[in-house]
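Working notes, structure below.
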Amino acid sequence: MGPEVDADLVVIGGGPVGLATALLAERAGLVPLVLEPRPAPIDKACGEGLMPGAVAALSRLGVQVGGHLFTGIRYAEAHRSVEARFRGGPGRGVRRTALHAALTAAVERAGIEVVPRGMATLDQDAAGVRVALQGSPAAAVRGRFVVAADGLHSPTRRLLDLDVPPRGPRRFGLRRHFRVAPWTGLVEVHWSAVGEAYVTPVADDEVGVALLGSGRGSWPERLQAFPGLRERLGSAEPASTVLGAGPLRQRARSRRAGRVLLVGDAGGYVDALTGEGLAVGLAQAGAAVTALAEGRPQDYPHAATRVGRRSGVLTSGLLVATRTAPGRRAVLATAHRQPWLFTRAVNALAHD
């Protein structure tokens with residue numbers, strides 16, 4: 001690679017949303033280039049449940065993922081639970097490493113270049129963006145536009161002074177896998193006084209468990225708040241180490257600064273409560289590529305807000321409503337009395 005590489009689109013961050021952005025750009029007739037210093041596959045603490053809409057979006061990109069099917073969502077607290085089934089096809093529980101490997105293979109098949117370096121700084125002018133690479137001040141790539149898909153704590157967002165201090169309680173997540181056969185074909189969300197536990201089937205003999213909440217503590221300490229889940233896991237052998245993420249709530253002043261667009265978590269994140277992070281990120285990647293292919297980057301912030309509005313409103317509302325024990329009981333009681341409403345909400349999110 002020479003000291004300067006021209007591309008229509010430089011993608012900062014080679015996670016799932018960044019790789020999907022590159023694939024979409026290539027299909028739109030643009031020349032993308034991806035910056036990602038970490039070797040594939042990249043692991044990350046997440047719930048690993050792909051909603052049906054996300055599965056469909058990946059399929060349209062020619063990315064077929066394995067994992068384990070799930071047919072709906074179950075919310076549970078103590079002795080009460082409510083569930084909703086998907087009406088338009090199943091979701092899939094997929095290990096993050098397997099998802100990233102599948103997207104990496106698709107990028108390789110498309111002949112898209114991935115530069116194993118990170119972004120150090122960037123400078124814009126009227127014709128494009130120069131992105132200096134980490135490790136060598138003289139090395140840089142230049143693109144007509146940049147899409148930053150560099151995650152929850154986006155260095156690009158900070159560099160462009162787009163960070164906004166988050167409001168409300170700071171929530172964190174831990175994730176671990178266990179070698180045990182899934183006991184249901186649903187993703188389970190267990191509620192307790194300290195937060196939520198998500199159980200996602202990811203293989204015929206494995207489940208992923210993510211613990212979310214505002215409290216700190218080790219994995220065993222936080223699992224104590226979910227006695228029913230702890231009993232269900234029993235003596236199952238862990239199949240991965242514990243990974244953490246957070247604070248989950250992130251905000252940006254804008255998802256665009258000149259020729260730089262922020263997609264996925266880099267542009268702001270509410271919470272993992274409804275499991276829509278990847279689906280929204282993929283939809284925003286599509287909106288970004290469409291705006292750039294049409295020469296209208298100014299259209300992207302509104303489009304990105306539109307595709308994530310329903311998920312954001314519902315997630316924010318649930319976070320407020322379930323912050324207290326009476327609130328959690330009220331949400332479950334309402335879902336019990338009006339199961340059609342719960343099913344409608346789940347399917348509205350599942351197939352966005």
Side-chain angles (χ1 to χ4, degrees), residues 1 4-38 40 42 53-54 56-65 99-119 122 124 127-131 133 140-151 154 156-157 160 255-267 277-308:
M1 184 185 75
E4 190 100 350
V5 173
D6 291 325
D8 292 314
L9 182 60
V10 175
V11 180
I12 300 175
V17 172
L19 295 181
T21 301
L23 289 168
L24 288 163
E26 192 269 340
R27 289 193 172 197
L30 303 175
V31 177
L33 180 147
V34 180
L35 302 182
E36 177 49 66
R38 298 168 294 177
I42 300 169
L58 290 169
S59 181
R60 289 192 294 270
L61 285 173
V63 178
Q64 304 299 325
V65 293
L99 172 62
H100 194 259
L103 280 159
T104 299
V107 164
E108 290 175 351
R109 289 194 301 271
I112 297 170
E113 183 177 4
V114 179
V115 178
R117 305 281 283 277
M119 179 273 298
L122 56 81
Q124 303 187 52
V129 188
R130 181 183 183 274
V131 183
L133 303 181
V141 295
R142 181 175 175 82
R144 291 196 302 119
F145 296 97
V146 163
V147 166
D150 47 355
S154 167
T156 307
R157 187 177 70 231
L160 296 172
R255 291 187 175 91
R256 172 183 172 240
R259 290 178 170 269
V260 182
L261 311 184
L262 307 182
V263 301
D265 297 351
L278 185 58
V280 170
L282 293 173
Q284 289 179 349
V289 168
T290 297
L292 297 182
E294 295 177 352
R296 296 185 58 81
Q298 66 272 20
D299 291 350
Y300 170 67
H302 177 72
T305 299
R306 186 177 65 249
V307 300

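This is a predicted model, so every value here is computed, not measured. Sequential numbering from 1 along the given sequence is applied to the chain's residues.
- A search for side chain to side chain contact (heavy atoms under 4.5 Å, CB included) contacts involving Arg259 returns Gln124, Val129, Arg144, Phe145, not counting sequence neighbours.
- Taking Ala102 as the reference, Val63, Val65 meet the side chain to side chain contact (heavy atoms under 4.5 Å, CB included) condition, with sequence neighbours excluded.
- Here the shortest heavy-atom pairing between Ala149 and Val263 reads CB-CG2, 3.6 Å.
- Shown here for Ala285 and Thr21, the closest heavy-atom pair between the two residues is CB-OG1, 3.2 Å.
- In terms of the salt bridge (charged side-chain N to carboxylate O under 4.0 Å, His left out) criterion, residue partners of Arg38 (sequence neighbours excluded) are, by chain and number, Glu36.
- Contact between Ala287 and Ala303 at its shortest, heavy atoms only, is CB-CB, 3.9 Å.
- Rounded to the nearest 0.5 angstrom, Leu30 CG and Leu24 CG are separated by 10.0 Å.
- Within the structure, salt bridge (charged side-chain N to carboxylate O under 4.0 Å, His left out) pairs that include any residue of residues 285-300 comprise Arg296-Asp299 (at least two apart or interchain).
- Considering all non-hydrogen atoms of both residues, Ala7 and Pro32 come closest at CB-C, 4.5 Å.
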Worksheet item: For Leu99 and Leu58, what are the C-alpha separation, side-chain angles and deciding distance, and is it a side-chain contact (heavy atoms from CB on, under 4.5 Å)?
Response: CA-CA 10 Å; Leu99 172 62; Leu58 290 169; 3.8 Å; yes
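- Here Ala283 pairs with Val307 under the side chain to side chain contact (heavy atoms under 4.5 Å, CB included) rule; sequence neighbours left out.
- The backbone N or O of Asp150 lies less than 3.5 Å from no partner atom in the side chain of Ser154, so there is not a single donor-acceptor pair.
- Residues Leu292 and Val147 form a side-chain contact, since some pair of their non-hydrogen atoms from C-beta on lies under 4.5 Å apart.
- Here the straight-line distance linking atom CZ of Arg157 with atom CD1 of Ile12 works out to 13.0 Å at 0.5 Å rounding.
- Between Ala57 and Leu282 the shortest heavy-atom distance is CB-CD1, 4.0 Å.
- Every residue two or more places apart in sequence or in another chain that forms a side chain to side chain contact (heavy atoms under 4.5 Å, CB included) with Ala110 is listed here: Leu23, Glu26, Ile112.
- The shortest distance between side-chain heavy atoms of Val114 and Thr104 does not fall below 4.5 Å.
- In terms of heavy atoms, Arg27 sits closest to Gly62 at NH2-N, 3.8 Å.
- With a 4.5 Å cut-off on side-chain heavy atoms, Leu261 and Gln284 do not count as touching.
- Rounded to the nearest 0.5 angstrom, Leu133 CG and Met119 CE are separated by 10.5 Å.
- The backbone N or O of Val31 lies less than 3.5 Å from a partner atom in the side chain of Asp8, making a donor-acceptor pair.
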